[in-house]
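Note that ligands are numbered from 1 as they come in the structure, with each ligand's atoms numbered from 1 the same way. Being a predicted model, the structure only gives us computed values, none of them experimental.
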Amino acid sequence: MSESALELEDIQSGVLSPRPSPYVATYILLRIDDRKVGRELMTKLSTVVASCADKTSPAGDAWVSVSLSFHGLKALGVPQESLDSFPPEFQQGMAARAHELGDGGESSPQNWEKPLGTKDVHVVLTALSPNEEKLESVLERARNTYVTLQGIQAIWRQNCHALATEREPFGFRDGISHPAVEGSGIPGTNSRERPLKAGEFVLGYRDEIGNFPAMPKPDTLGRNGTYIVFRKLHQRVATFRKYLKENSSSLEEEELLAAKMMGRWRSGAPLALTPEHDNPELGADPKLNNDFLFQDNDAKGFLTPPGSHIRRMNPRDSLRDTTNVNIHRMIRRGTAYGPPLPDGVLDDDGVDRGLMFVFIGASLRRQFEFVQSEWVNNGLLIGAPDEKDPISGANNGVGKFIFPRKPFRKSLQNLPNFVVTRGGEYCFMPGIRALRWLGDLDT
Ligand code: HEM
């Protein structure tokens, strides 16, 4: 492999290109019942997918991306030698990794929404656009690639949205912190963090350790591809609001507790820069709202608790060796599904709402699985092994969240599960040449 510039024209736009704001998105799962027809589908899809080099998409202001599960690659008849070259966790699929991911009890695969986590999930199509009208036209283009094909079944669909306020269902501004990727030309969101090596996110390039991450064979299939994690996460918004209320004596304290759990006020303003009060202007300012580290003025976490969601998910300079942080970074795209719970409602209305969580990265094991098992569902990082992430950890009614405060630390007990896994899958998002290669298979 050679040191070379990122081949942006071969990388699907969904990998690196930022999403518009606001936007709507649809996830469609397909099952391939006939391998030849599946290959024809790959060829057709390679013409509707935009690349990271496209200023506009083939469908004009709307984007489609394509990824495949291990069962999908098998259904296409990808040669065994090539299948065997994929990492074991990808071959096993997300449901089989439930133990590592903390998906037990109500989050366990036997309770997942069908067909998520089954062998039927082969292809994931993601379509997104700034508005419904354009989304429909791009969906039409995407649908045209398979509706006429006997042997391809659409088996699931999920509509999602990112509001203009960019608030996720708990009410926090999301989509703020993204790593810069060397060679992508897309700026990061924190001027104090250097761009990460492209090999952290795209296969075929050097990573932060200086290696070329393992790539599936042959090179034509692996190069410019990446791994994607789709996870449908149900959010118990009423439970979250009630928990805050029951553990506070005023509205102000509720908001402060919520901010301590997240590491940011609901406006997006970071505690690191405004620890006492929310500052909505700062929260909405993309130049400032992620421009901070922790170590200089907050080594002990009096401002941003070490156990808060954002400090766990990206400890920034909190670890002595920043490589140990950089090798676990991820590109993340969260999109809300379901209607927001109206303000002030404290009782569950039974409506399903939450986040379609998407991870993008070169290593499922070192990035997503590590973060999920070590930083979400374990507290060794913060010196409190039995504490889990207060927002998305599997706290099961016995969770704790303890944060430094003067004169005494504050201790929250009996955290319930605010988030329940409804299902998901590990996928491989091939480069555009690789999509054509899959279409041309003739074994
Ligand atoms: C329903 C569950 C979740 C909710 C509501 C949620 C919400 C949020 C919010 C509001 C932010 C701050 C905004 C931003 O920095 O963009 C954030 C940051 C982040 N979250 Fe989550 N999240 C959830 C689950 C997860 C999971 C499961 C992971 C990883 C396994 C994760 C990884 C991250 C990362 C890496 C960041 C950026 C941290 C930083 O760079 O400062 N999140 N999340």
Report task. Could you say whether the N/O atoms of S392 and ligand 1 ever approach to under 3.5 Å? Result -> no

Query raised in the report: Within the distance-only criterion (no hydrogens, no angle test), does the side chain of S373 pair as donor or acceptor with the backbone N or O of E369 below 3.5 angstrom?
Result: yes

Requested in this report: Answer yes or no for R236 and F418: cation-pi contact, defined as NZ/CZ to six-membered ring centre under 6.0 Å and angle to ring axis within 45°.
Outcome: no

Query - Residue F172 vicinity, atoms of ligand 1 by number, heavy atom under 4.0 Å - result: 10 (C)

Query - Test side-chain contact (heavy atoms from CB on, under 4.5 Å) applied to L16 and T226, I360, L8, the passing residue - result: L8

Query raised in the report: What protein heavy atom sits nearest atom 38 (C) of ligand 1, and how far off is it?
Result: N314 CB, 3.8 Å

Requested in this report: Apply the test salt bridge (Lys or Arg N to Asp or Glu O under 4.0 Å) to residues K245 and E254: give CA-CA distance (whole Å), side-chain angles for both, the deciding distance (0.1 Å), then the verdict.
Outcome: CA-CA 6 Å; K245 191 167 266 322; E254 275 178 49; 3.1 Å; yes

Report summary line: For atom 35 (C) of ligand 1, the closest protein heavy atom turns out to be M313 CB, 3.6 Å

Query raised in the report: How close does the nearest protein non-hydrogen atom get to atom 11 (C) of ligand 1, and which residue and atom is it?
Result: D174 OD1, 3.6 Å

Query raised in the report: ligand 1 and E168, any nitrogen or oxygen pair closer than 3.5 angstrom?
Result: no

Report task. Number the atoms of ligand 1 from 1 as they appear, then name those within less than 4.0 Å of a heavy atom of I176, with their elements. Result -> 14 (C), 15 (O), 16 (O)

Requested in this report: Any chance you could lay out the side-chain hydrogen bond (donor to acceptor under 3.5 Å, both in side chains) test for Y205 and N224, step after step, and finish with the verdict?
Outcome: CA-CA 9 Å; Y205 304 90; N224 295 321; 2.7 Å; yes

Query raised in the report: Looking only at N/O atoms, are Q235 and ligand 1 under 3.5 Å apart anywhere?
Result: no

Query raised in the report: Sub-3.5 Å donor-acceptor pair from the side chain of E253 to the main-chain atoms of L256, do we have one?
Result: no

Query - Side-chain ion pair, E89 and R366, N-O less than 4.0 Å - result: no

Query raised in the report: Does a salt bridge link R333 with D174, judged by any charged N lying under 4.0 Å from a carboxylate O?
Result: no

Requested in this report: Could you check atom 4 (C) of ligand 1 against the protein and tell me its nearest heavy-atom contact, residue, atom and distance included?
Outcome: L355 CD2, 3.8 Å

Requested in this report: Decide if the gap between the ring center of F90 and the ring center of Y227 is smaller than 6.0 angstrom.
Outcome: yes

Requested in this report: Inspect the contact between D317 and R192 and indicate whether a charged nitrogen and a carboxylate oxygen are less than 4.0 angstrom apart.
Outcome: no

Requested in this report: Give the single entry among H309, Q372, R236 that approaches atom 30 (C) of ligand 1 most closely by any heavy atom.
Outcome: Q372

**Report entry** Residue and atom name of the nearest protein heavy atom (relative to atom 37 (C) of ligand 1), distance in Å to one decimal
**Finding:** R332 NH2, 3.6 Å

**Report entry** N/O separation below 3.5 Å, R173 to ligand 1
**Finding:** no

Query - Which residue and heavy atom of the protein sit nearest atom 39 (C) of ligand 1, plus the separation - result: S177 OG, 3.3 Å

Report summary line: Residue, atom and distance of the protein heavy atom nearest atom 2 (C) of ligand 1 read V419 CG2, 3.8 Å

Query raised in the report: In terms of atom number and element, which parts of ligand 1 are under 4.0 angstrom from non-hydrogen atoms of R316?
Result: 39 (C), 40 (O), 41 (O)

Report task. Please write down residue, atom name and distance for the protein heavy atom closest to atom 28 (C) of ligand 1. Result -> F357 CE1, 3.5 Å

**Report entry** Parallel, tilted or perpendicular, as decided by the 30° and 60° cut-offs, for the rings of F368 and F357
**Finding:** tilted

Query raised in the report: Would you say G175 and ligand 1 have an N/O pair spaced under 3.5 Å apart?
Result: yes

